[in-house]
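Just so it is clear, the values below take in all heavy atoms, side chains as well, and ignore hydrogens, waters and symmetry mates. All of these numbers come straight from a predicted model, not from anything done at the bench.
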Amino acid sequence: MSRKSVSLVGLVLLCYHASLTEQRLQGIFKDPKKPIDERVKDLLGKMNLEEKVGQMTQIERKNASAEVLKSYFIGSVLSGGGSTPKVNATVKEWVDMVNGMQQASLSTRLGIPMIYGIDAVHGHNNVMNATIFPHNVGLGVTRDPQLLKEIGAATALEVRATGIPYAFAPCIALTEIIDGLQGEAKTDMKGMPYVNGKTKVAGSSKHYVGDGGTVKGINENNTIVEDSALYGMHMAAYVNSVAKGIATIMASYSSINGVKMHAHKQLLTDYLKGKLGFKGFIISDWEGIDRITSPAHSNYSYSIQASINAGIDMVMVPYNYTEFYDGLIDLVKKNAIPMSRIDDAVSRILRVKFAMGLFENPLGDYSLINEVGSQKHRELARQAVRKSLVLLKNGKPGNPPILPLPKNAGKLVVAGSHANNLGYQCGGWTIEWQGVSGNNWTAGTTILDGIKATVDKRTKVVYNKKPSDTYSSKGKMDYGIVVVGEVPYAETNGDSQNLTIPAPGPAVIENVCKETKCVVIIVSGRPVVIEPYVDKIDALVAAWLPGSEGQGVADVLFGDYGFTGKLARTWFKRVDQLPMNYGDPKYDPLFPFGFGLETKPIPSTKKPEL
């Protein structure tokens with residue numbers, strides 16, 4: 001046979017092989033009409049070990065170059081708190097970034113799209129000019145499941161508008177938000193992930209499990225609990241989440257009876273995946289597997305082995321991805337982690353990606369850009385602020401109620417560190433991980449702005465952030481409105497053994513309230529010590545962390561709407577009473593669970609349209 005004939009035969013064989021390879025790579029998994037589990041099985045069968053481990057790896061945006069995404073077959077990328085395309089990034093720049101990364105993932109051998117995740121825990125809080133809703137501590141006060149669903153839907157839409165299809169939310173106390181984030185499943189999903197369309201996101205119920213019951217309430221601490229309380233109280237919302245079709249569940253940094261949750265096979269695999277039938281994927285928290293050991297990351301190979309064998313499916317690495325990737329491959333090759341465990345993890349990840357339509361619609365939709373911070377969403381947030389306020393006191397004994405305040409008062413003083421600070425009223429996990437201070441970080445309305453916009457144009461509003469004890473000599477005030485509270489924090493930075501209002505808050509209360517009828521508004525992420533000041537105050541309002549729409553506070557203060565909120569937790573007198581729960585034998589709170597005074601709206605007052 002001539003050299004020319006041999007070359008021709010070789011070319012034919014090469015073309016035939018290429019054709020078979022192309023057919024193989026197309027396969028069932030590309031067909032959206034096929035059942036999801038058939039697609040998962042087909043694609044899993046085409047993947048090698050390196051591609052599978054890549055799917056289990058989630059890296060931080062800063063590391064997600066096209067080369068890294070392609071070389072390591074990365075399954076997921078995230079933005080940590082404050083991690084943005086650039087300072088003051090526009091919505092379009094967010095979409096550009098995510099789509100650019102996605103194009104790199106789609107160019108790999110199998111074209112498996114990566115899933116981009118972000119913390120959107122009270123709105124799309126990482127993004128400039130997004131709508132910031134009240135934190136969960138306030139939303140629980142509303143007792144309004146439908147409102148929570150609408151907030152979830154608005155948040156999902158704003159997240160999707162930046163090209164992101166995955167939100168690390170909700171913190172599990174409020175499962176109604178799942179219906180808004182992912183879409184409302186009409187039947188019990190029996191563990192199957194459910195995401196209804198391109199304006200919804202894959203959610204992540206967190207932090208599994210018992211993170212709200214740690215010793216002394218310390219972040220990442222140990223939860224000492226009997227089975228009756230673990231399964232009857234802490235687990236209840238996860239049972240509900242699985243029925244609603246939650247796509248992912250995030251493991252907690254904390255421990256259950258001394259066992260780190262990231263290494264707790266009984267609760268991750270046997271109970272959640274086994275008994276509850278959860279079929280989405282379990283994701284670690286940020287460097288969560290590192291903290292299985294003490295000190296953290298002191299035996300990373302052990303941490304990888306313990307967490308993956310326990311049931312963690314995707315690891316939020318987020319930086320040392322090469323160490324994780326190489327370490328996991330090595331452990332599989334040494335049979336320390338069985339291939340069946342890898343296949344289970346990857347099947348779950350692929351199942352979520354198929355369920356949310358990521359293969360069919362991998363890229364962000366630029367037509368949604370204007371949804372971020374829309375007026376409709378801001379009005380919804382303003383409504384949530386109104387409903388989340390709790391009126392704890394209204395008038396001193398023997399005196400008539402002070403609220404609602406008259407709009408036509410002659411002169412008002414507005415005082416305190418939180419009256420004119422959008423960052424403070426938005427709290428932690430806003431723009432930055434630990435939150436921010438000031439009014440230049442994002443769009444919104446401060447409480448002071450809301451007051452000025454509400455009162456009669458003839459009413460003089462005097463703003464004095466830190467009035468001295470002689471401020472009243474400058475002119476008599478009809479009323480004082482004091483807005484003080486906690487500075488923003490998140491996670492461990494919020495741990496406190498005294499739960500007091502930081503200075504100069506107490507002094508501001510003292511100076512304003514000693515001569516003027518005063519309303520004190522507490523901006524905080526939890527009940528704080530206020531018993532020493534209650535007798536000096538005419539009216540007391542818990543505003544929690546209201547978010548970007550401070551106008552909602554003024555709406556209720558001046559009678560456009562009435563106070564309706566009821567405490568979703570007990571308000572203690574002293575920290576030495578803690579922990580204190582409704583029904584305790586020695587239950588002696590300052591304000592009990594469910595407490596909240598009510599007022600009626602003033603009929604003649606014009607209400608803002610929704």
Side-chain angles (χ1 to χ4, degrees), residues 50-87 89 94 97-98 100-102 104-105 108 114-121 125-127 164 166-168 204 206-207 219-220 248 250-253 260-263 281-308 310 312-332 337 345 349 428-429 431-434 490-493:
E50 289 74 17
E51 289 166 329
K52 291 175 181 178
V53 169
Q55 284 299 301
M56 297 171 67
T57 307
Q58 185 181 66
I59 64 174
E60 219 286 329
R61 174 199 64 81
K62 297 172 184 176
N63 292 332
S65 66
E67 180 180 357
V68 169
L69 291 166
K70 291 188 288 186
S71 298
Y72 292 89
F73 314 103
I74 298 298
S76 184
V77 180
L78 84 151
S79 278
S83 181
T84 64
K86 70 174 190 179
V87 176
W94 276 93
M97 178 192 71
V98 177
M101 294 177 184
Q102 191 67 282
S105 295
T108 56
M114 65 86 187
I115 181 172
Y116 198 107
I118 196 166
D119 284 274
V121 291
N125 44 264
N126 243 8
V127 176
I164 298 173
Y166 179 23
F168 305 130
S204 185
K206 62 182 187 182
H207 301 87
N219 189 47
E220 303 183 25
T248 77
M250 184 181 291
S252 177
Y253 287 129
K260 288 283 189 180
M261 275 307 309
H262 278 75
F281 67 81
I282 300 175
I283 186 168
S284 82
D285 207 332
W286 178 281
E287 295 181 342
I289 73 168
D290 303 49
R291 304 186 198 189
I292 291 173
T293 60
S294 182
H297 203 81
S298 57
N299 187 345
Y300 197 54
S301 179
Y302 169 76
S303 292
I304 296 172
Q305 181 177 338
S307 61
I308 301 302
I312 298 292
D313 301 308
M314 179 181 284
V315 173
M316 192 183 293
V317 177
Y319 295 122
N320 60 319
Y321 60 92
T322 56
E323 184 181 9
F324 172 75
Y325 181 88
D326 293 339
L328 181 50
I329 290 174
D330 182 61
L331 287 166
V332 174
I337 297 175
I349 294 165
W429 277 109
I431 304 302
E432 298 287 348
W433 174 40
Q434 293 296 327
E491 301 174 43
T492 301
N493 284 10

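- Of all heavy-atom pairs spanning Gln305 and Ile337, the tightest one is CA-CD1, 3.8 Å.
- Distance CG/Asp313 to CD/Gln55: 12.0 Å, rounded to 0.5 Å.
- Remark: side-chain polar atoms of Ser65 are paired, donor with acceptor, to backbone N or O of Val68 under 3.5 angstrom.
- Between Met314 atom CE and Ile308 atom CD1 the span is 10.5 Å, to the nearest 0.5 Å.
- For the residue pair Pro318 and Asn63, the shortest heavy atom distance occurs at O-ND2, 3.4 Å.
- Here salt bridge (Lys or Arg N to Asp or Glu O under 4.0 Å) pairs that include residues 62-83, with residues two or more places apart or in two chains, number zero.
- A donor-acceptor contact shorter than 3.5 Å links the side chain of Lys206 to the backbone of Phe168.
- Separating the CG atom in Asn125 from the CD1 atom in Ile431 is a distance of 8.0 Å, to the nearest 0.5 Å.
- For Pro85 against Trp94, the heavy-atom pair with the smallest separation is CD-CE2, 3.4 Å.
- Not a single donor-acceptor pair under 3.5 Å links the side chain of Asp285 to the backbone N or O of Gly288.
- A side-chain donor-acceptor contact under 3.5 Å links Ser284 to the backbone of Met316.
- Of the possible donor and acceptor atoms, one in the side chain of Arg61 sits under 3.5 Å from a partner among the backbone N and O of Thr84.
- Annotation for Thr293 and Ser298: closest pair OG1-OG, 3.2 Å, computed over non-hydrogen atoms.
- Side-chain N or O atoms of Ser76 include one that pairs as donor or acceptor with a backbone N or O of Ile115 at under 3.5 Å.
- Paired with Gln58 under the rule side-chain contact (heavy atoms from CB on, under 4.5 Å), one option of Val317, Val315, Ile283 passes, and it is Ile283.
- Thr108 places no side-chain N or O within 3.5 Å of a backbone atom of Ala104 that could act as its donor or acceptor partner.
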message = The test is side-chain contact (heavy atoms from CB on, under 4.5 Å); show your working for Gln102 and Val77 and say whether it passes.
response = CA-CA 10 Å; Gln102 191 67 282; Val77 180; over 6 Å; no
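- Between the side chains of Trp429 and Gln434, no donor N or O sits under 3.5 Å from an acceptor N or O.
- In this structure, a donor-acceptor pair under 3.5 Å is present between the side chains of Tyr116 and Ser79.
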task = Test Phe324 against Tyr319 for side-chain contact (heavy atoms from CB on, under 4.5 Å), laying out the working first.
result = CA-CA 9 Å; Phe324 172 75; Tyr319 295 122; over 6 Å; no
request  = Would you sort out whether Glu50 and Tyr72 count as a side-chain contact (heavy atoms from CB on, under 4.5 Å), showing the intermediate values?
outcome  = CA-CA 7 Å; Glu50 289 74 17; Tyr72 292 89; over 6 Å; no
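- Here the shortest heavy-atom pairing between His262 and Ile289 reads CD2-N, 3.9 Å.
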task = Quick one: do Thr248 and Tyr166 satisfy side-chain hydrogen bond (donor to acceptor under 3.5 Å, both in side chains)? Show the steps, please.
result = CA-CA 9 Å; Thr248 77; Tyr166 179 23; 2.9 Å; yes
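- Across every non-hydrogen atom of Ser252 and Met261, the tightest pair is O-CB, 3.4 Å.
- Side-chain atoms of Glu220 and His207 form no donor-acceptor pair, as typed in the model, at a separation below 3.5 Å.
- Side-chain atoms of Asp290 do not come within 3.5 Å of backbone N or O of Ala296 as any donor-acceptor pair.
- Taking OG1 from Thr57 and CG from Leu328, the interatomic distance works out to 7.0 Å, rounded to the nearest 0.5 Å.
- One finds the OH atom of Tyr321 at 10.5 Å from the CG atom of Asp326 (value rounded to the nearest 0.5 Å).
- Taken from OH in Tyr253 to CD in Glu287, the straight-line distance is 7.0 Å, to the nearest 0.5 Å.
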query = Leu78 and Ile118: side-chain contact (heavy atoms from CB on, under 4.5 Å), yes or no, with the steps?
reply = CA-CA 6 Å; Leu78 84 151; Ile118 196 166; over 6 Å; no
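- Put simply, the side chain of Asn126 gets close to the backbone of Gly80: a donor and an acceptor are under 3.5 Å apart.
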message = With side-chain hydrogen bond (donor to acceptor under 3.5 Å, both in side chains) as the criterion, how do Glu491 and Trp433 come out once you've worked through the C-alpha distance, each side chain's angles and the decisive distance to 0.1 Å?
response = CA-CA 9 Å; Glu491 301 174 43; Trp433 174 40; 3.0 Å; yes
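- More than 12 heavy atoms of other residues, nucleotides or ligands shown are found within 6.0 angstrom of OH on Tyr300.
- Under the 3.5 Å distance criterion, the side-chain polar atoms of Ser303 are left unmatched by any main-chain donor or acceptor of Ile292.
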